[in-house]
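For reference, the structure is listed below as structure tokens.
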Amino acid sequence: DANLAHGLSADSIYRYSRHLLLPSFGVQAQSNLLKSSILVVGAGGLGSPALLYLAACGVGRLGIVDHDVVELNNMHRQVIHTEAYIGQPKVKSAAAACRSINSTIQIVEHKQALRTSNALEILSQYDIVVDATDNAPSRYMISDCCVVLGKPLVSGAALGLEGQLTVYNYKGGPCYRCLFPTPPPTTACQRCSDSGVLGVVPGIIGCLQALEAIKIASDIGEPLSGRMLLFDALSARIRIVKIRGRSLQCEVCGENTTFNQQQFKDLDYEKFTQSPLSTSLQKLKLL
Amino acid sequence: DANLAHGLSADSIYRYSRHLLLPSFGVQAQSNLLKSSILVVGAGGLGSPALLYLAACGVGRLGIVDHDVVELNNMHRQVIHTEAYIGQPKVKSAAAACRSINSTIQIVEHKQALRTSNALEILSQYDIVVDATDNAPSRYMISDCCVVLGKPLVSGAALGLEGQLTVYNYKGGPCYRCLFPTPPPTTACQRCSDSGVLGVVPGIIGCLQALEAIKIASDIGEPLSGRMLLFDALSARIRIVKIRGRSLQCEVCGENTTFNQQQFKDLDYEKFTQSPLSTSLQKLKLL
Amino acid sequence: MHLTLEFGGGLELLCESVKFHNVNVDLPKGADKLSMRDLLAWVRTNLIKERPEMFMKGESVRPGVLVLVNDCDWELSGQLDTTLEEKDVVVFISTLHGG
Amino acid sequence: MHLTLEFGGGLELLCESVKFHNVNVDLPKGADKLSMRDLLAWVRTNLIKERPEMFMKGESVRPGVLVLVNDCDWELSGQLDTTLEEKDVVVFISTLHGG
Ligand SMILES: [Zn+2]
Ligand SMILES: [Zn+2]
């Protein structure tokens, strides 16, 4: 019997039966998922739905990185957190929610800010990385780290009433720096905390990130690599556009690059982007 | 002060601050949301994310209709329910989850199957209806009821690795029957329970349903009326296509229609579509 | 005439599970244009491998199938009488009811 | 030459918050074609109402702005040297970092 051959327990067969029934998914894809590990960086607006759906679908090991605590002004979009967790670490709250919907998978809590000093060690433990952060230096740091470690990166962003989504560093495709070799001016780096965001917009993008991570982990379909999804909530328009491939001149993933783990560790991403990794760490410094 | 003028409490101003900051949303749209009422029919794969985001964003009164109980094989996609609620009514579980993320709005539990005998009374209590059901007779019944009552209907569907979304009966736009005057053959009406569905696909469509309901309730942007979104998860393709307008010949919303509340009550939707309203009610009959 | 045909919502199952078809359709004998009526007959003969009643009813598509010509409902372009042009994209999609 | 220009990701704020612009751009004097280099100069003069440094740097767009010609990254069509044709759709979109 195919299910037994893939090591699915009777409980798993029942839990995931709607996946197993699908001819284009089935036992093989579910088995791939159960053997995979995915790290979600950020348990905020994007991370909330991404984590819920990744936990529900049966990713074998699901990691969560976040150093922040739940606040009341997160609740309009960060639907993984409940009011009862206000003031507590987002990682703890998100992990509890994931466990409550799927007690059969492994949830790993990384209650720390991702930094060059710990990123290599944390990311190396996972097959796939989901960037659900909210600032430019983190996006450069995570992409560079994924290139150095050879991990595919599912990258989503949302602000105001717009969202963007693509997959970086996947099977010879471009990395974040291939698209954006030079950091934008700091005045162009708005955060949700400064400029606002309609809560359901990161909800939609976060779900799409979960889907792309599931496709890569289960090895089905065509991931959104070399393409970018652009979402405009107000006019209900979605474009999926063709973007450049890997750049031979890319400083991090190009032909003549010398970028390695040591250079990654030594790079000051806040200086590089002239922008802080985290507003709450900044708040702490000011206190 | 604009916030006070719109009757927002200090707590609400803090909770919804990321919405209030948005120039294209702001105090007026948030105030419209808080005064609105939305009914979600079905607390399953589509209803789970739709309810979470509608509760989080601050819809004033949120109704849930469902007669089913939570089962383990729902958990891969119905992320509003936790394992602790297996065997309990979905309405109870979903309402508890909504309250836990937003205790300041009103959540109404309708623990019953929607039928012609109760639909008029239930739907008439809300401004907007979200169809998150899983079968053809319910879709005809809900659309007809929305036409009779003059309510906009946000309709989503998902099966396998595909999803569809549109808004019916909105400001002179088409109703479900304008598009589908004749029910499909029963062999073409597959359900997730028969054919399977990748869990995150209704997740994406359900979030998009929440967005469209929020746009209508808050009176911002262009709702997806006269257009339909077609989503293919495997190839990561999304089309938004132009569909026909209201049909003058439509039996329910057309020029010469005589369809009214009494005719609605007398219509046998299971016979009309030759398909049962609910598999679990069918199971009960067989027992 | 070169056309791109796409089947979705389960209709691809009638065409050996292939969703995208780049096809070359000849004009009917003596005709100077290709209509959707002609195309449907061509599709039924050349692409539908099983259960044709799940695709067509009479000379049109069965109830519950949407037909889109260049991302636009064929009801807006004349349904069966729609005239097709070189490189048009025609989508046949079955409406979904699941959730 | 008739073009559709679209601004997104916040760049619309530089054009009085208007996202879609149907424009008619004349060919430069003595030229027989319009390049993206020409179009950028035209946009800066005719559409950008404030903070032009948020849109351009030198003769190109500022870092962090993606340019798409008919839904395709301009890096694939020659960037500033891309030749535009009648009815082309050009999108300028600022990359987002929020979540
Ligand atoms: Zn690169
Ligand atoms: Zn109608």
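Numbered from 1 within each chain, the chains take letters A, B, ... in sequence-line order.
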Who wins among B:N74, B:T82, B:V200, B:D11 for the most heavy-atom pairs under 4.5 Å with chain A?
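That would be B:V200.
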
Counting heavy-atom pairs closer than 4.5 Å to chain A, which one of B:I240, B:L198, B:I80 comes out on top?
B:L198

With A:S36 via side chain to side chain donor-acceptor pair (under 3.5 Å) - residues at least two apart
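Not a single residue meets the side chain to side chain donor-acceptor pair (under 3.5 Å) criterion with A:S36.
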
The criterion is side chain to side chain donor-acceptor pair (under 3.5 Å); which residues satisfy it with A:Y16, sequence neighbours excluded?
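Checked A:Y16 against side chain to side chain donor-acceptor pair (under 3.5 Å); matches are A:N102.
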
Pick from B:I204, B:V79, B:V201: which one makes a side-chain contact (heavy atoms from CB on, under 4.5 Å) with A:C207?
B:I204

Proximal component of [X], with respect to chain A [non-hydrogen, under 4.5 Å]:
| X | result |
| --- | --- |
| B:I238 | both |
| B:S17 | side chain |
| B:R227 | side chain |
| B:Q78 | neither |
| B:F25 | side chain |

Who wins among A:G58, A:A210, A:A233 for the most heavy-atom pairs under 4.5 Å with chain B?
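The candidate making the most pairs under 4.5 Å is A:A233.
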
Out of B:K92, B:R99, B:K90, which residue meets the salt bridge (charged side-chain N to carboxylate O under 4.0 Å, His left out) rule with B:E109?
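So, applying the salt bridge (charged side-chain N to carboxylate O under 4.0 Å, His left out) to B:E109 and each of B:K92, B:R99, B:K90, only B:R99 qualifies.
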
